[in-house]
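So the structure is just underneath, and the comments pick up after that.
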There are 2 protein chains.
Amino acid sequence: MNITIYDVAREANVSMATVSRVVNGNPNVKPATRKKVLNTIERLGYRPNAVARGLASKKTTTVGVIIPDISSIFFSELARGIDDIATMYKYNIILSNSDQNKDKELRLINTMFEKQVDGLVYMGANISEEHVQQLKTSPVPVALAATIDSSETIPSVNIDYEQAAYEATSLLIENGTKHPIYVSGQETSAVNEKKYAGYVKAIKESNKEVNEDYIISAEFSYESGIEAANQIINIKDYPTGIFVATDEMALGVIHGLQDNGVNVPEDVEVVGFDNTRLATMVRPTLSTVVQPMYDIGAVAMRLLTKFMNKENVEEQNVVLPHQIVKRNSTK
Amino acid sequence: MNITIYDVAREANVSMATVSRVVNGNPNVKPATRKKVLNTIERLGYRPNAVARGLASKKTTTVGVIIPDISSIFFSELARGIDDIATMYKYNIILSNSDQNKDKELRLINTMFEKQVDGLVYMGANISEEHVQQLKTSPVPVALAATIDSSETIPSVNIDYEQAAYEATSLLIENGTKHPIYVSGQETSAVNEKKYAGYVKAIKESNKEVNEDYIISAEFSYESGIEAANQIINIKDYPTGIFVATDEMALGVIHGLQDNGVNVPEDVEVVGFDNTRLATMVRPTLSTVVQPMYDIGAVAMRLLTKFMNKENVEEQNVVLPHQIVKRNSTK
DNA sequence: CTGAAAGCGCTAACAC
DNA sequence: GTGTTAGCGCTTTCAG
């Protein structure tokens with residue numbers, strides 16, 4: 001049997017309440033008895049049981065984190081931001097991968113609630129009606145990180161994807177491409193729709209009709225970026241500017257192009273999205289939209305702490321600034 | 001107030017014990033009453049409280065995972081393996097980043113115990129005496145993943161780093177480099193020592209003395225790989241084969257070489273270590289040692305489940321097979 | 001097959 | 001300042 005608060009109380013000749021007080025840093029304890037208790041805690045090697053504490057106090061100092069895939073270079077960065085701020089506020093995180101699978105997502109949310117998390121950070125491309133329903137009836141605060149709920153009814157932290165995509169596309173246009181190609185992820189998600197909208201906006205603004213042939217749907221992977229490049233070079237008189245929805249795909253596009261003897265940026269310019277660490281790990285280095293993943297995670301977690309502390313929050317749908325870094329994949 | 005097992009019992013006209021039985025799938029319940037209970041659970045929207053359950057049963061179905069840095073492309077892959085198997089066995093993971101900081105590591109271990117995890121997967125370069133002490137007196141099973149404890153006293157899952165490094169170096173030697181360069185990580189860890197030992201073994205076996213000038217200590221980052229390359233080309237008559245301790249550094253080395261007009265593999269051959277996804281995301285693609293990160297995580301978690309179930313395990317220090325993939329950074 | 005009752009280890013009033 | 005006493009919501013004997 002493990003040693004409990006009761007054992008400490010007995011050994012120190014005080015009540016459990018007093019022990020509890022010193023363990024919790026309650027100031028209403030005479031320094032002398034505090035010291036005495038601390039000593040016997042040390043001597044006995046007492047370690048508070050967080051589960052019992054959680055049951056009694058209804059606080060677990062644990063938050064749930066539902067993430068599509070922790071092995072993704074994009075999401076793992078977000079997760080790091082979340083954990084760092086969680087740690088700062090004395091929370092631990094229960095992390096679960098959802099693979100963007102709706103059933104799994106819904107199940108995980110429920111599991112988190114069963115585990116009595118004090119809050120939940122949720123990431124996932126598709127926020128369905130069911131998701132909103134489940135999240136809105138949550139017993140604890142929820143924050144979305146890098147994920148958009150069209151109803152705007154759940155607190156969230158994002159960047160302005162549409163504007164970012166608009167700027168990226170515009171850069172290509174300014175550099176001389178009349179109608180840049182867009183290599184998009186194929187899954188339907190609010191984020192993707194916004195990126196697409198931004199792309200379209202830039203095209204239209206330059207008085208062009210959107211040419212569907214210049215929109216290539218890929219799978220969000222490096223390999224599918226290579227495939228996209230192969231498709232592109234088969235387009236007659238293909239445009240010399242390509243906007244790619246993620247850095248990883250963009251690397252694939254660049255290498256696919258190079259493998260076909262096309263030079264970047266001399267022959268074709270490429271702009272990515274995210275600014276993952278990959279962007280500087282290619283030759284040429286990748287011009288891309290900076291999405292501050294770490295910060296999004298950190299801010300989402302920070303937002304959550306405010307809700308958990310019942311602090312006042314002015315804006316519950318935070319939009320973080322983005323920017324475009326020009327590196328060597330554009331002229 | 002939330003709805004409890006007691007509410008369900010009252011509404012269903014049974015005892016809490018019976019409700020508990022159906023919730024836990026205990027077969028000793030008449031189908032009719034099971035159904036009745038299930039219905040009222042559904043109707044009331046009852047959701048079991050895992051914390052209360054944990055306190056009563058002394059099982060939390062949660063395991064702790066201490067990881068150096070989840071945003072690392074290497075460790076995030078391990079984490080994914082861990083979580084997948086954890087999920088398979090109905091466990092959730094509490095994930096915490098240690099940054100390889102000893103104090104933080106020790107503190108995290110303790111936190112995990114306070115949270116009453118049923119087991120712990122630990123990753124970290126340096127297993128000190130204190131670590132061993134704390135881990136050996138753990139109230140729950142522990143498994144090390146991709147981390148070596150020299151005392152071999154704690155269950156672990158690894159590959160044979162020395163042999164792998166030996167093979168990688170030998171490949172370079174076979175390809176014609178008399179004395180390959182080794183770009184190592186500078187932190188002292190058991191894993192690093194083994195890699196170094198393997199390198200040395202290969203050099204000595206080819207009847208050479210180890211030339212300290214050919215051992216370059218870098219920082220495990222892409223950037224320091226580039227720096228290492230810059231150092232290398234300043235070596236007079238530098239060797240034409242380089243073994244690099246991680247893929248990320250290897251990418252840096254390759255790009256650093258290319259930036260200086262050195263062609264890979266024509267002028268210099270490079271072999272990496274790990275086979276992270278980066279290895280196929282460079283040109284030339286990287287020849288490297290395959291370390292099955294995902295599997296290491298998965299097997300470590302599987303091992304842990306065996307301990308938690310008090311199953312019998314034959315070998316508690318698992319060594320997974322490695323291999324070398326030859327891609328285009330070697331001839 | 002079902003119920004009663006005793007905790008699990010701690011917090012949180014409430015007294016004193 | 002400190003102690004007493006209820007619970008928190010559930011599992012788990014032990015009866016029957």
Side-chain angles (χ1 to χ4, degrees), chain A residues 1-38 40-41 44-62 90 110-111 113-118 139-140, chain B residues 1-38 40-41 44-62 90 110-111 113-118 139-140:
Chain A
M1 201 75 299
N2 233 311
I3 121 112
T4 75
I5 201 174
Y6 183 76
D7 301 321
V8 177
R10 182 169 29 73
E11 289 290 313
N13 288 311
V14 295
S15 70
M16 312 169 36
T18 298
V19 178
S20 177
R21 286 189 189 97
V22 347
V23 169
N24 292 295
N26 184 317
N28 293 348
V29 182
K30 200 181 351 173
T33 78
R34 176 187 304 284
K35 193 171 172 190
K36 182 172 62 175
V37 171
L38 250 16
T40 97
I41 282 178
L44 266 44
Y46 167 68
R47 176 188 289 146
N49 179 326
V51 171
R53 198 187 279 212
L55 183 59
S57 69
K58 299 181 171 305
K59 290 192 182 318
T60 55
T61 62
T62 301
K90 314 277 185 217
N110 198 52
T111 303
F113 293 160
E114 288 190 359
K115 296 250 170 166
Q116 311 299 121
V117 294
D118 293 338
V140 293
Chain B
M1 203 74 301
N2 233 312
I3 121 113
T4 76
I5 201 174
Y6 181 76
D7 302 322
V8 176
R10 183 170 28 73
E11 289 289 313
N13 288 310
V14 294
S15 69
M16 311 169 37
T18 298
V19 178
S20 176
R21 285 190 189 96
V22 347
V23 168
N24 292 295
N26 183 318
N28 292 347
V29 182
K30 196 175 6 168
T33 80
R34 175 186 305 283
K35 191 171 173 188
K36 183 172 60 174
V37 171
L38 251 18
T40 99
I41 283 179
L44 267 44
Y46 167 68
R47 176 188 290 144
N49 179 326
V51 171
R53 199 188 278 213
L55 182 59
S57 69
K58 298 181 171 307
K59 288 191 183 316
T60 54
T61 61
T62 301
K90 313 276 186 218
N110 197 53
T111 303
F113 293 161
E114 287 190 1
K115 297 249 168 167
Q116 311 298 122
V117 295
D118 293 337
V140 293

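Below, read A as the first sequence line, B as the second, and so on, with proteins coming before strands; counting in each chain starts at 1. Any value given below was found using the heavy atoms of this structure, including those in side chains, with hydrogens, waters and symmetry copies removed. What you see is a predicted model, and the numbers here were worked out from it, not measured in a lab.
- Minimum heavy-atom separation, B:Ala9 to B:Ser15: CB-C, 3.7 Å.
- Within the 4.0 Å cut-off from OP1 or OP2 of C:dC10, not a single side-chain nitrogen or oxygen of A:Ser20 is found.
- Using a 4.5 Å heavy-atom cutoff, the side chains of A:Arg34 and A:Val37 are not in contact.
- One can place CD of B:Glu114 at 20 Å from P of C:dC8, the figure rounded to the nearest angstrom.
- To the nearest angstrom, C1' of D:dC10 lies 13 Å from CD1 of B:Ile41.
- Between A:Tyr46 and the phosphate of C:dC10, there is a side-chain N or O to OP1/OP2 separation shorter than 4.0 Å.
- For C:dC10, the OP1/OP2 oxygens have no side-chain nitrogen or oxygen of A:Lys58 closer than 4.0 Å.
- In terms of position along DNA chain D, the nucleotide closest to B:Asn24 lies nearer the 5' end than the nucleotide closest to the other residue of the pair B:Asn24 and B:Arg21.
- When atom types are taken as modelled, the side chain of B:Asn26 and the backbone of B:Asn28 share a donor-acceptor pair closer than 3.5 angstrom.
- The B:Lys30 side chain lies nearest to C:dT2 when the options are D:dG3, C:dG3, C:dT2.
- Atom CG of B:Asp7 and atom C1' of D:dC10 are 13 Å apart (whole Å).
- Two end axes, each from the C1' atoms of five base pairs, can be drawn for the helix from C:dC1-D:dG16 to C:dC16-D:dG1; they diverge by 30°, to 10 degrees.
- The interatomic distance linking A:Met16 (CE) with C:dC8 (P) rounds to 11 Å, in whole Å.
- In this structure, B:Asn26 atom CG and C:dG3 atom P are separated by 13 Å, rounded to whole Å.
- Straight-line distance from the NZ atom of B:Lys115 to the C1' atom of C:dC8: 18 Å, rounded to whole Å.
- In this structure, B:Ser15 does not reach the C:dA4 phosphate: none of its side-chain N or O atoms is under 4.0 Å from OP1 or OP2.
- The two residues B:Thr4 and B:Tyr46 come nearest to each other via the heavy atoms C-CE1, 3.6 Å.
- Comparing B:Ile5 and A:Thr33, the nucleotide of DNA chain D nearest to each residue sits closer to the 5' end for A:Thr33.
- B:Lys58 places no side-chain N or O within donor-acceptor distance of the main-chain N or O of B:Gln116, the cut-off being under 3.5 Å.
- Here the straight-line distance linking atom CG of A:Leu55 with atom CZ of A:Arg53 works out to 13.0 Å at 0.5 Å rounding.
- Listed nucleotides C:dC10, D:dT2, C:dT2 differ in distance to A:Thr4; the shortest reach to its side chain belongs to C:dC10.
- The side chain of A:Thr18 has D:dT2 as its nearest neighbour among C:dT11, C:dT2, D:dT2.
- Using a 4.0 Å cutoff on non-hydrogen atoms, the parts of residues 48-57 of chain A near DNA chain D are A:Leu55, A:Ala56, ordered by number.
- For the pair A:Asn13 CG and D:dG3 C1', the computed distance is 13 Å after rounding to whole Å.
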Problem set entry | Chi angles and distances behind the side chain to side chain donor-acceptor pair (under 3.5 Å) call for A:Thr62, A:Lys115 | CA-CA 9 Å; A:Thr62 301; A:Lys115 296 250 170 166; over 6 Å; no

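- A:Asn2 places its CG atom 12 Å from the C1' atom of C:dC8, with the value rounded to the nearest Å.
- Looking at every heavy atom in both residues, B:Asp7 comes nearest to B:Asn2 through OD2-O, 4.0 Å.
- Judged by distance alone, the side chain of A:Ser20 and the main-chain N or O of A:Met16 form no donor-acceptor pair under 3.5 Å.
- Side-chain contact between A:Glu11 and A:Ile3 is absent, with no heavy atoms from C-beta onward closer than 4.5 Å.
- Residue contacts shown for A:Val23 are absent, as no nucleic acid heavy atom lies under 4.0 Å away.
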